[in-house]
Amino acid sequence: MTTARLPLFPLNAVLFPGLVLPLNVFEERYRALMRELLRTDESEPRRFVVVAIRDGRETAPTALGLPDQTKLSEKGPAAGFGSDPFRSFHEVGCVADAVSIRERPDGGFDVMATGTTRVRLLSVDATGPFLTAEVEDVPEERGDEAGPLAEGVLRAFRTYQKRLAGARERSLTTSELPDDPSVVSYLVAAATVLDTPAKQRLLQAPDTSSRLREELALLRAETAMLRHLPSLPAVDLTHAPTSPN
């Protein structure tokens, strides 16, 4: 396995290969990370690892929603992640390439990153200004019957999307959807409204076919549930949210 040491960006969200991630960076530890990435020549990828935080582990003001006022005094790259940050994160994350990093007048950054490949965390280092991790590549195996499974998932996803968005919302056409099974599996995983643990299971599925089988079951279950709901409160759930740090 190929290993590397890369900056670590924990989130209450899951990034998938091929998907775009906009970030609003305002904490000093992550500002330091972005300043370090800006030192990389523009001709080289500015890589960091996005990893999902385990439920109930994160207490620093990186959490979604309002900061925990009792924890604002914590400082350092591991603030809010306990004495062993490694235990606060899911094992499998995704390498992100920061294609755009724009510094704001207030010192924060607007970042646009793209997921590239899956990696497994081997260790986490909190001795620097931001967290870093030693990681190894997690190859994407195709598995059995990936092609037919992808076709079934796309049909189920179209039905799910129509139920979720309503008849007035334009659904994706065949020409807009990919035909590569692994790309389909990641696109559907990102676009389906699921909680972080469910998305994490999809990210770390052993192969594309396994991911597609789980997605097919999830889509059928979610569509059946939506069929019995009298109304939907948020049409914008069909769009990928911006993940703050």
Side-chain angles (χ1 to χ4, degrees), residues 2 4-53 58 60-65 67 77 79-81 89-90 92-121 124-125 128-135 137-138 140 172 176-178 180 182-193 196 199-200 202-203 236-245:
T2 301
R5 182 165 294 278
L6 294 172
L8 190 65
F9 202 119
L11 284 176
N12 286 307
V14 177
L15 176 63
F16 295 93
L19 276 296
V20 174
L21 176 69
L23 291 169
N24 168 25
V25 177
F26 56 86
E27 280 194 70
E28 177 52 37
R29 51 183 164 180
Y30 303 121
R31 291 184 185 189
L33 190 162
M34 293 305 155
R35 289 193 293 268
E36 179 65 24
L37 291 180
L38 283 173
R39 295 188 181 98
T40 303
D41 189 274
E42 291 185 0
S43 63
E44 299 294 329
R46 291 168 169 169
R47 301 193 306 159
F48 60 99
V49 175
V50 172
V51 64
I53 302 163
E58 205 266 355
T62 55
L64 296 178
F81 298 125
F89 310 133
H90 284 281
V92 176
C94 183
V95 174
D97 180 9
V99 296
S100 172
I101 304 176
R102 184 179 66 85
E103 186 170 6
R104 302 191 302 265
D106 64 2
F109 293 88
D110 292 318
V111 179
M112 192 66 68
T114 302
T116 59
T117 58
R118 297 186 302 166
V119 291
R120 178 175 287 104
L121 269 62
V124 174
D125 184 359
F130 49 83
L131 293 174
T132 60
E134 183 181 1
V135 298
D137 292 339
V138 178
E140 178 74 15
L172 294 175
E176 292 174 314
L177 292 170
D180 180 89
S182 65
V183 176
V184 169
S185 73
Y186 286 132
L187 173 64
V188 170
T192 305
V193 181
T196 297
K199 286 182 178 283
Q200 182 65 34
L202 294 175
L203 176 68
D236 60 351
L237 288 176
T238 56
H239 304 292
T242 297
S243 298
N245 67 298

[atom1] of [X] to [atom2] of [Y]: how many Å apart, nearest 0.5 Å?
X      : Y      : atom1 : atom2 : answer
Tyr186 : Leu203 : OH    : CG    : 6.0 Å
Leu15  : Leu21  : CG    : CG    : 5.5 Å
Thr117 : Glu140 : OG1   : CD    : 11.0 Å
Phe26  : Arg104 : CZ    : CZ    : 9.0 Å
Leu19  : Thr114 : CG    : OG1   : 9.0 Å
Asn12  : Ile53  : CG    : CD1   : 4.0 Å

Using every non-hydrogen atom in the two residues, find where [X] and [Y] come nearest and quote the distance to one decimal.
X      : Y      : answer
Thr40  : Pro45  : CG2-O, 3.9 Å
Leu121 : Val124 : CD2-CG2, 4.0 Å
Pro77  : Gly128 : CG-O, 3.1 Å
Gly107 : Arg31  : O-CD, 3.3 Å
Lys199 : Ala191 : NZ-N, 4.4 Å

Determine yes or no for a side-chain-to-main-chain donor-acceptor pair under 3.5 angstrom, with [X] supplying the side chain and [Y] the backbone.
X      : Y     : answer
Arg46  : Leu37 : yes
Gln200 : Val92 : yes
Thr116 : Val95 : yes

In the structure I gave you, are the side-chain heavy atoms of [X] and [Y] within less than 4.5 Å of one another anywhere?
X      : Y      : answer
Arg5   : Asp125 : yes
Arg118 : Cys94  : no
Phe9   : Leu23  : yes

query: Name the one of Met34, Glu36, Glu28 that satisfies side chain to side chain contact (heavy atoms under 4.5 Å, CB included) with Phe130?
result: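 Exactly one pass, corresponding to Glu36.
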Qualifying residue for side chain to side chain contact (heavy atoms under 4.5 Å, CB included) with Leu8, from Thr132, Leu131, Leu33: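 Among the candidates, only Leu131 passes.
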task: Answer yes or no: are there more than 12 heavy-atom neighbours, outside Arg35 itself, under 6.0 Å from its atom CZ?
output: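 More than 12 within 6.0 Å, yes.
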- prompt: Below 6.0 angstrom between ring centroids: does that apply to Tyr30 and Phe109?
  reply: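 They do not qualify: ring centres at least 6.0 Å apart.
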